[in-house]
Protein chains: 2
Amino acid sequence: MPTVSKEDYLKTIYQRIEEGEQASTSSIARTLKVSNAAATDMLKKLSLQGFVNYKKYKGVSLTAKGRKEALSLLRRHRLWELFLMKVLKLKWDEVHKEAELLEHKTSEKLIDKIDQYLNHPKFDPHGAPIPDKRGVLPKEKKFIRLDAAKENKIYTIVKVNDKDDELIRYFAEIGFKLNTKFEVKKIFNIDGTITVKNKKGQFNLSPVVAKNIFVREVRK
Amino acid sequence: MPTVSKEDYLKTIYQRIEEGEQASTSSIARTLKVSNAAATDMLKKLSLQGFVNYKKYKGVSLTAKGRKEALSLLRRHRLWELFLMKVLKLKWDEVHKEAELLEHKTSEKLIDKIDQYLNHPKFDPHGAPIPDKRGVLPKEKKFIRLDAAKENKIYTIVKVNDKDDELIRYFAEIGFKLNTKFEVKKIFNIDGTITVKNKKGQFNLSPVVAKNIFVREVRK
DNA sequence: TTAAAAAATTAAGTATGCTTAAATTTAAAA
DNA sequence: TTTTAAATTTAAGCATACTTAATTTTTTAA
C-alpha cells in the first residue's frame, strides 16, 4: 500500500500522461506544490518500490502496478465527488476539495458500497470517467478543447478540468455546467479570447480558461 | 488545527476521563498502541499548544480547547458510523474501523451535511451519544455495566464499547445488538461469569466481556 | 559547436511522530 | 521507613516527506 503522498504522486503522473503531456519532475512538483528536489526524491522511492519506471534525467512513467494504484485513487476520488454532490448535496465547486481528502482513507469495501449506491456511475460531476473495480475506464464521448472550437457553432459541455476550485466556481457562475449548451460567437485572433453566449448571457473567455473546458458540437 | 495524531490523543484522553478513569501516560500509550515515550512526547507538545494541562509525573487533563477538539472528533466519528451503517449499509462491526479513518478528513461543512441528512441523530449504532455542532452531548438513558446486573432480571442493551472490532463481531453473533432484550440467568461467584439468555440462545459471558456491555433493567 | 539557460539531481538540514534503552520519579510492599 | 517495583520521562536514533542551496546534466540558442 502506498502512503498518502505516494498515491498523490501516482495520480499526478497518471493524469499528466493521460493528458498527453510528459510527466517531468518539475511538472509533477508544480502540480503537487512541492520543490523539484522533493519530487526527485519521491520518484526514486516510487521506482524502488516498483510503481514507476524512472531513469535519472530521463523522465518517468507508470508501471502496471503504479497505474493500478493511480486508477484506484481516481476511482475513489470521482465516486466520492459524485456521492457528495448527489447524496449529500455539496456544491459543484466544493466536492473536489473534500474528495481529495476522503479518497486516501477509503477502503475498497466502502468505495464499492458507494459505487453500488450510485448504481455504478460512469462519469463524475465534472465529466471525468470513473474507473470500475478492475480499473477499466468507460469510453468517453468525443470532445475538443474549447480553444479549438469554431465561430458560430453550438456546443455542449462534456467535461471540465476539476483541479482548480476557483475555475469551477467561475464555470458555475457563468452557467457553464455539464451538458449545458452555448454558442461560440467570436474568436479574437489577436489573443485567442473567445466570446460565448448561453442562457445566462454573453462572456469573454481567455484561452487559458478555454483550455480547461471540453466540448462537443451539437445541432441547434 | 491539530494533526491526525494529536486528534487521536485528545480523543483518547477525553474518553479515559469520561469513563471515570484517569488518563495516565501509559493508559494513553496502551490505547493508541505506541510506546510510553511517544505518549510523553506528545503530551508535552499538546500542553505547549494549549490542548491539555500537563505536569510531569502528575497526569494530564484536557483544557477547554482540547475538550472542544475531542468532542468535534467524536462527533465526526459517531456521525460517520451511523451514516455508513444506515445509508451505505456497512455492517455493525465494520463501521468503527472505517469511521476511524474518515473522521480525521471530514470538514465541518461535510459533517454538518451528514448530520442534516440523518436528521440530527442523538446516538450512534453502538449507543454512544453524538455531540451536536456546539459540542453539547445529548442526555443518555440510565444504564449499568452488565457485570453489575442481577440474576433473574430482564435487561435491554443501551450501549456497547465500540473500540474492539472482535468484541462487536461477537456481540452481533450472539444477538446482542442495541435495544434487544435478554435475561440474566446466573452469575457465578467464583469468577463472575454471567449466563444470559436471549432469542438466539443461552451464552456465558466472562466479566471482561460483560464490562463492555451497558444495560438497563426492563419489565418482562 | 559551444555557451548560456533550464531542468534535474544531490547534499545538508528540518518537523513530526515514532522506536529502544537508560535514567528518574512515584507508589507499593516489606 | 527503606527497599523494590512500577510508571514516567529523557536521550539517542529512525523513517517519511519536506525545505534551500549547490552541483550536474540536458536542452536551447547563438
When you measure from the side-chain N and O atoms of [X] to the phosphate of [N], is any distance below 4.0 Å, counting only OP1 and OP2?
{"X": "S5(B)", "N": "dT16(C)", "answer": "no"}
{"X": "T3(A)", "N": "dT16(D)", "answer": "no"}
{"X": "T40(B)", "N": "dT10(D)", "answer": "no"}
{"X": "K56(A)", "N": "dT10(C)", "answer": "yes"}
{"X": "S35(A)", "N": "dT19(D)", "answer": "yes"}
{"X": "Y9(A)", "N": "dC18(D)", "answer": "yes"}
{"X": "K6(B)", "N": "dT16(C)", "answer": "no"}
{"X": "S26(B)", "N": "dA6(D)", "answer": "no"}

* Structure fact -> Of Y57(B) and K45(A), the one whose closest nucleotide on DNA chain D sits nearer the 5' end is Y57(B)
Between [atom2] on [N] and [atom1] on [X], what's the gap in Å once rounded to a whole number?
{"X": "L43(B)", "N": "dC18(C)", "atom1": "CG", "atom2": "P", "answer": "11 Å"}
{"X": "N36(B)", "N": "dT26(C)", "atom1": "CG", "atom2": "P", "answer": "16 Å"}
{"X": "I28(A)", "N": "dA17(D)", "atom1": "CD1", "atom2": "P", "answer": "15 Å"}
{"X": "K58(B)", "N": "dA7(D)", "atom1": "NZ", "atom2": "P", "answer": "16 Å"}
{"X": "M42(A)", "N": "dT10(C)", "atom1": "CE", "atom2": "C1'", "answer": "17 Å"}
{"X": "K44(A)", "N": "dT9(C)", "atom1": "NZ", "atom2": "C1'", "answer": "7 Å"}
{"X": "L32(A)", "N": "dT19(D)", "atom1": "CG", "atom2": "P", "answer": "10 Å"}
{"X": "R16(A)", "N": "dA7(C)", "atom1": "CZ", "atom2": "P", "answer": "12 Å"}

* Parallel, tilted or perpendicular: ring planes of F83(A) versus F83(B), cut at 30 and 60 degrees ->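 Rings of F83(A) and F83(B): perpendicular, over 60°.
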* **Nucleotide of dC18(D), dT9(D), dT10(C) approaching Y54(B) most closely (side-chain heavy atoms)** =>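 Side chain of Y54(B) sits closest to dT9(D).
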* Hey, does A39(A) reach any base, or is it just sugar-phosphate, or nothing, if we go heavy atoms under 4.0 Å? -> nothing
* **Within 6.0 Å of CD in Q22(B), more than 12 heavy atoms from elsewhere** =>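 At most 12 heavy atoms, drawn from other residues, nucleotides or ligands, come within 6.0 Å of this atom.
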* Between E81(B) and K91(B), is the closest basic N to carboxylate O distance under 4.0 Å? ->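 Salt bridge flag = no for E81(B) with K91(B).
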* Asked: Would K122(B) and D132(B) pass as an ion pair if we require N to O under 4.0 Å?
  -> no
* Asked: ring-ring contact (aromatic ring centres under 6.0 Å, His included) between H126(A) and H96(A): does it pass, once the steps are laid out?
  -> CA-CA 9 Å; H126(A) 307 108; H96(A) 177 72; 7.0 Å; no
